[in-house]
Amino acid sequence: MTSFKNKRRLAAEEEMNSKRPQFEKMEQVSAQLKNENGEVLGSKLNLPINITVDKLQHVCNVLLQQEDTQPYSFYVDGVEITGSLEDALSEDMLRECEYDVDIVYQPQAVFKVRAVTRCSSTLPGHAEAVLFIKFSPDGRYLASGSGDKTVRFWDINTETPQFTCEGHRNVVLYLAWSSCGRKLASGCKDGKVCVWNPLTGKQMCRMMDGHKRWIMCLAWKPLHLDGSSRYLASASKDTTIRIWDTFNGQTVRTLSGHTQCVTCIRWSGSNLIYSSSQDRTIKVWRADDGVLCRTLEGHGHWVNQLALNTDYVMRTGPYEPAEASIVHKEHHWDDEEMSARALERYNAVINNSCERMVSSSDDHTMWLWEPEKSKQCITRLVGHQQTVNEAAFSPDGRLIASASFDKSVKIWDGATGKFLWTLRGHVQRAYLVSWSADSRLLVSCSADSTVKVWDIKAKDRKLLHDLPGHEDQVLALDWSPDGQRVASGGRDKVLKIWRK
């Protein structure tokens with residue numbers, strides 16, 4: 001009886017399906033090209049659905065009347081077109097005979113950074129764990145800070161030690177290069193700040209003493225606001241922020257308001273200082289007079305770190321990564337020229353909009369903000385299962401990468417905060433991430449003693465290279481702005497230089 005009923009049901013379904021109108025897959029689509037800001041490019045086009053990215057590049061360059069061919073990426077409803085337009089269209093779009101599609105185009109870097117694949121040097125020298133590594137803005141110098149109380153400069157060309165800087169009396173926790181590349185600031189567990197000359201390895205002013213506890217973070221005033229790189233901000237476990245005059249080593253002003261350790265600071269291109277704290281708040285300060293503008297609240301636990309979509313362009317200042325060469329060129333710019341170049345590059349990135357900021361927390365979430373104009377967050381970025389240790393915008397500001405103690409690295413949309421995909425490969429806590437200058441590659445490090453290179457632009461966003469070699473946790477990581485090297489350091493007390 002049951003079998004007979006099933007046969008009748010199947011026969012009825014077949015009859016209904018035969019009566020439904022059959023949709024033929026369309027061969028063309030009416031498409032409108034738009035930029036990231038929603039501005040329309042030309043009129044609507046009837047495009048074949050099998051049009052490839054290369055042909056879309058040609059169409060876009062013709063409509064924009066570009067003298068030199070500019071590479072672009074294309075998106076439909078947030079889905080990147082990696083092969084043909086058809087691959088990015090949903091089934092509903094393909095079945096709809098008359099459907100208008102908005103194709104968003106985004107300019108890409110005109111140069112390509114090649115992935116690092118091998119360890120070219122292992123550099124011993126530090127007597128304790130390497131806690132911080134940073135390349136200079138032009139990629140010419142490399143500095144490291146360690147638990148052995150020293151700061152070291154390394155010769156990038158010969159990959160050998162250059163200077164050992166002794167002045168701190170406790171663990172060196174943080175390093176920050178000025179955007180001009182002529183100064184390096186270091187902060188230690190004793191609350192002292194030093195400024196070093198990378199050409200000589202000597203201190204450039206008296207040791208800056210004022211904080212009562214650890215230095216957690218340092219931030220230089222952006223070069224387009226301060227061509228001489230005179231002013232430096234420091235955040236401390238003593239709950240305060242200090243602004244220093246590095247010409248004389250004196251405190252200009254102290255910012256007080258947090259009730260627990262200040263974990264991170266960022267000096268914005270609009271001359272505001274953003275600070276995060278273990279008191280679960282983020283504060284916005286006017287740098288010129290120290291006035292507290294607003295307090296951003298929402299996180300349920302410590303706020304660990306802040307990142308701006310302009311971090312990379314402010315870090316590199318006047319130096320354009322696309323112009324980098326294997327043999328470093330000497331630039332004889334004065335302060336005004338450097339400041340003007342930095343301002344031009346900053347304005348190109350900000351594009352008459354507000355800076356965006358992402359905060360990462362022990363509450364397993366990240367929050368996306370426009371802190372310059374509002375204390376309301378744009379959105380919460382939810383998905384990690386444990387502490388989010390670091391988040392970083394890509395150099396073009398379009399993506400955010402986050403590293404978490406849940407062993408994963410996640411990628412998010414830098415404008416909307418939308419989750420895009422997860423990069424899995426680490427088997428222990430993921431600590432740090434660092435982007436290549438062209439925003440196409442990402443490197444991450446972990447407690448599992450490995451460094452991993454990811455191809456973000458590949459269709460499957462795959463693990464490109466697994467770089468073992470460290471004998472213990474990797475605690476420090478940086479990709480040089482010229483794209484040629486990655487440096488890593490950790491508990492095994494050595495630095496490793498990775499090259500293509």
Side-chain angles (χ1 to χ4, degrees), residues 129-133 147 171 173-174 189 213-217 235-237 239 258-266 274-283 296-308 311 357-369 377-393 399-412 414 417-435 442-452 454 470 472-478 488-491:
V130 179
L131 302 178
F132 210 94
I133 284 177
V171 176
L173 297 173
Y174 204 92
K189 207 171 178 179
R213 301 190 69 186
W214 306 0
I215 300 296
M216 300 297 294
C217 191
S236 171
K237 200 171 181 178
T239 76
H258 285 294
T259 58
Q260 292 189 46
C261 169
V262 183
T263 54
C264 186
I265 50 172
R266 288 289 183 268
Y274 308 131
S275 60
S276 64
S277 170
Q278 289 182 357
D279 64 13
R280 301 179 293 177
T281 69
I282 299 163
K283 293 187 183 295
L296 314 182
E297 297 179 311
H299 280 294
H301 211 302
W302 298 349
V303 185
N304 295 319
Q305 191 250 2
L306 303 173
L308 299 175
D311 275 344
M357 179 178 74
V358 64
S359 56
S360 52
S361 169
D362 267 21
D363 65 8
H364 309 173
T365 71
M366 297 180 292
W367 291 49
L368 188 63
W369 314 83
C377 79
I378 299 172
T379 187
R380 294 175 68 226
L381 285 63
V382 180
H384 281 297
Q385 303 301 310
Q386 292 188 41
T387 293
V388 184
N389 193 61
E390 186 188 40
F393 278 93
L399 297 173
I400 299 170
S402 57
S404 169
F405 287 2
D406 65 10
K407 309 174 189 177
S408 73
V409 174
K410 292 183 183 292
I411 307 297
W412 317 77
K418 177 185 176 183
F419 168 73
L420 299 177
W421 56 84
T422 300
L423 307 177
R424 297 195 182 278
H426 288 297
V427 295
Q428 292 187 42
R429 294 177 171 183
Y431 286 142
L432 302 171
V433 288
S434 185
W435 288 91
L442 181 74
V443 65
S444 59
C445 68
S446 166
D448 64 12
S449 78
T450 68
V451 173
K452 297 187 188 297
W454 311 87
H470 281 286
D472 208 330
Q473 299 185 36
V474 185
L475 305 174
L477 184 71
D478 195 26
S488 60
R491 285 192 176 178

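On a predicted model such as this, the values are computed, not experimentally measured, just so you know.
- With S236 contributing its side chain and R213 its backbone, the two residues share a donor-acceptor pair below 3.5 Å.
- Side chains of F405 and N389 form a contact here, defined as non-hydrogen atoms less than 4.5 Å apart.
- Within the model, atoms NE2 of H301 and CD of Q278 stand 9.0 Å from one another, a figure rounded to the nearest 0.5 Å.
- The heavy-atom pair separating A307 from A391 by the smallest distance is CB-O, 3.3 Å.
- Between L381 and T365, the closest side-chain pair of non-hydrogen atoms is not below 4.5 Å.
- Counting only heavy atoms from C-beta outward, the side chains of L420 and W412 never approach each other to under 4.5 Å.
- From Y431, atom OH reaches atom SG of C445 across 9.0 Å, with rounding to the nearest 0.5 Å.
- In terms of heavy-atom proximity, L432 sits nearest to L475 at CD1-O, 3.3 Å.
- With sequence neighbours excluded, the residues forming a side chain to side chain donor-acceptor pair (under 3.5 Å) with N304 are D362, listed by chain and number.
- Between Q428 atom CD and Q473 atom CD the span is 7.0 Å, to the nearest 0.5 Å.
- In terms of heavy-atom proximity, H426 sits nearest to K452 at ND1-CE, 3.4 Å.
- Expressed to the nearest 0.5 Å, how far CZ of R380 lies from OG of S361 amounts to 10.0 Å.
- Judged as a side chain to side chain donor-acceptor pair (under 3.5 Å), and not counting sequence neighbours, the contacts of D311 are R266.
- Considering all non-hydrogen atoms of both residues, V433 and A403 come closest at CG1-CB, 4.0 Å.
- Rounding to the nearest 0.5 Å places NE2 of H258 at 8.5 Å from CD1 of I282.
- Side-chain atoms of S434 do not come within 3.5 Å of backbone N or O of V443 as any donor-acceptor pair.
- Residues F393 and V358 form a side-chain contact, since some pair of their non-hydrogen atoms from C-beta on lies under 4.5 Å apart.
- The line from OG of S359 to CE of M366 is 9.0 Å long, rounded to the nearest 0.5 Å.
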